[in-house]
Amino acid sequence: METEPAEQAQSPAARAIEVNGITLAFWEWEGAPSNAEPPLIFAHATGFHGRVFDAVIEHFPNRRVLSLDLRGHGRSQGEEITHWGDIAADINGFIDQLNVIGAIGIGHSMGAHALLQVAHDRPSAFAQLVLFDPVVLAPEYYIADPDFTDDAPHPASRRKREFASPVAMMERFGSRDPYCLFDPRVFRDYCQFGLTPTGAGSGDGDGDGMELACAPEVEASVYASSRSNSGILDTVRAIEVPVLVIRAKQTGMMDFKSSPTWPDLASIMPNGTDLYRPDRTHFHPFEDPADAARIIKQACAG
């Protein structure tokens, strides 16, 4: 049985593999040697990284856990993204190289979308998916014109890139929406692992000392290509494993805190279950990691 997070939590090992022409980084918590439960695999949202789930993962101290830095995020390589299928293809390569079978996939936002695609492409990879606000929208979204172009890029492209330190990043964003909603531990991890030394990422090497691990133009490209995997609704109709979809409140497409998930998503899956949480925003796992862990535990036990 899982326990509450320990004071001396296990630190993850930094790992990397070569896949699809890039180095894909991930973090591994080995868990207890005697634990034979299937591993947990985490996939994060746009602009974040694998370590943003630390406060959730600490609730599973005996479990083997793998948390990915997706293409262009965290310590992983990757330039601007034009098709979300590329993100899923990287995870497919990860699954193949690590010979993952019967894992529990846990995704948030764009990462949840990618796990759905992988569950379709590699039916043996996952025994179950637990998805917080997957970016799978209503059918009409995928036939509409793009929201953003090279001439009119997503506002994320204008984000401040360079910071003196994680502390400086925390001071800049701590009181701002939506970061002010984050659990303090999650916010600290987001800033600490969301920066790399200047010049190691996509910066020009002459900034304040550190820069965003997910470059602003990469983050903007993910949003701009959100319609690219237009077959995702047909994809999810063919996924046989149990899928729990946790949806936050919907407050409009221009609000980052709003759920992007089509309310009917779970209903079109053979084994989909919808959990509506209007008391939470799109950043549910970051607002209340203990509640997110509870939901994952209940899903695994069910």
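From a predicted model like this one, the values you see are computed outputs, not experimental measurements.
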Non-hydrogen side-chain atoms of [X] and [Y] separated by less than 4.5 Å:
{"X": "W29", "Y": "I57", "answer": "yes"}
{"X": "L129", "Y": "P242", "answer": "no"}
{"X": "H73", "Y": "V222", "answer": "yes"}
{"X": "M110", "Y": "S226", "answer": "no"}
{"X": "Q128", "Y": "V243", "answer": "no"}
{"X": "P155", "Y": "R158", "answer": "yes"}
{"X": "R15", "Y": "W27", "answer": "no"}
{"X": "L212", "Y": "L195", "answer": "yes"}

I'd like to know if the side chain of [X] reaches the main chain of [Y], judged simply by a donor and an acceptor atom lying under 3.5 Å from each other, with no hydrogens or angles considered.
{"X": "Q117", "Y": "I87", "value": "no"}
{"X": "H120", "Y": "T235", "value": "no"}
{"X": "D189", "Y": "V52", "value": "no"}
{"X": "D69", "Y": "G50", "value": "yes"}
{"X": "N271", "Y": "E240", "value": "yes"}
{"X": "S258", "Y": "T251", "value": "yes"}
{"X": "S109", "Y": "G111", "value": "no"}
{"X": "Q250", "Y": "T261", "value": "yes"}
{"X": "S165", "Y": "A168", "value": "yes"}

Does the gap between the ring centers of [X] and [Y] come in under 6.0 Å?
{"X": "F163", "Y": "F173", "result": "yes"}
{"X": "F256", "Y": "Y223", "result": "yes"}
{"X": "H49", "Y": "H44", "result": "no"}
{"X": "H108", "Y": "H282", "result": "yes"}
{"X": "Y179", "Y": "Y190", "result": "yes"}

Exercise: identify the closest heavy-atom pair between [X] and [Y]:
{"X": "P38", "Y": "A103", "result": "CB-CA, 4.2 Å"}
{"X": "A114", "Y": "A88", "result": "O-CB, 4.0 Å"}
{"X": "P134", "Y": "L265", "result": "CG-CD2, 3.7 Å"}
{"X": "A55", "Y": "V186", "result": "CB-CG2, 3.9 Å"}
{"X": "G85", "Y": "H83", "result": "N-ND1, 2.8 Å"}
{"X": "L137", "Y": "P260", "result": "CG-O, 3.2 Å"}

Would you tell me whether [X] and [Y] have side-chain atoms, one donor and one acceptor, within less than 3.5 Å of each other?
{"X": "E162", "Y": "T198", "value": "no"}
{"X": "N20", "Y": "D90", "value": "yes"}
{"X": "D133", "Y": "S259", "value": "yes"}

**Prompt:** What do the steps show when you test I41 against V100 for side chain to side chain contact (heavy atoms under 4.5 Å, CB included), and what is the final call?
**Reply:** CA-CA 10 Å; I41 296 180; V100 172; 3.7 Å; yes
Less than 4.0 angstrom from a charged side-chain N to a carboxylate O is my criterion; do [X] and [Y] meet it?
{"X": "D274", "Y": "R247", "answer": "yes"}
{"X": "K257", "Y": "D255", "answer": "yes"}
{"X": "R161", "Y": "E211", "answer": "no"}
{"X": "R122", "Y": "D96", "answer": "yes"}
{"X": "D291", "Y": "R277", "answer": "yes"}
{"X": "R64", "Y": "E30", "answer": "no"}

**Asked** S230: what forms a side chain to side chain contact (heavy atoms under 4.5 Å, CB included) with it, not counting sequence neighbours?
**Response** Y142
**Message:** Testing F182, Y276, F132 one by one against H284 for a ring pair (Phe, Tyr, Trp, His ring centres under 6.0 Å), which residue passes?
**Reply:** F132
**Complete:** Residues at least two apart in sequence or cross-chain that pass ring-ring contact (aromatic ring centres under 6.0 Å, His included) with F126, listed by chain then number, are none
Between atom [atom1] of [X] and atom [atom2] of [Y], what is the distance when rounded to the nearest 0.5 Å?
{"X": "E217", "Y": "E79", "atom1": "CD", "atom2": "CD", "value": "8.0 Å"}
{"X": "S76", "Y": "L70", "atom1": "OG", "atom2": "CG", "value": "7.0 Å"}
{"X": "I106", "Y": "S67", "atom1": "CD1", "atom2": "OG", "value": "9.0 Å"}
{"X": "Y141", "Y": "I232", "atom1": "OH", "atom2": "CD1", "value": "13.0 Å"}
{"X": "I104", "Y": "K297", "atom1": "CD1", "atom2": "NZ", "value": "14.5 Å"}
{"X": "R63", "Y": "I296", "atom1": "CZ", "atom2": "CD1", "value": "10.0 Å"}

**Request:** Test salt bridge (charged side-chain N to carboxylate O under 4.0 Å, His left out) on D279 and K249 and set out the steps.
**Result:** CA-CA 7 Å; D279 59 319; K249 62 182 177 181; over 6 Å; no
**Request:** Please test L233 against I268 for side chain to side chain contact (heavy atoms under 4.5 Å, CB included), starting from the C-alpha separation and ending with a verdict.
**Result:** CA-CA 8 Å; L233 292 175; I268 68 170; 4.1 Å; yes
**Request:** Over 60° means perpendicular and under 30° means parallel, so classify the ring planes of H113 and W84, tilted if in between.
**Result:** perpendicular
**Message:** Show, in sequence, the C-alpha distance, side-chain angles and deciding distance for F26 and F42, and conclude whether the side chain to side chain contact (heavy atoms under 4.5 Å, CB included) test is met.
**Reply:** CA-CA 10 Å; F26 64 98; F42 284 79; over 6 Å; no
**Message:** Side-chain heavy atoms nearer than 4.5 Å, only ILVMFWY residues, links allowed to pass through others: does that put F193 and L24 together?
**Reply:** no
**Message:** For D86 and R71: C-alpha separation, side-chain torsions, deciding distance, then whether salt bridge (charged side-chain N to carboxylate O under 4.0 Å, His left out) applies.
**Reply:** CA-CA 8 Å; D86 294 341; R71 170 180 289 255; 5.5 Å; no
**Request:** Take L40 and F60 through the test side chain to side chain contact (heavy atoms under 4.5 Å, CB included) and record every step on the way to the result.
**Result:** CA-CA 9 Å; L40 307 179; F60 301 87; 3.8 Å; yes
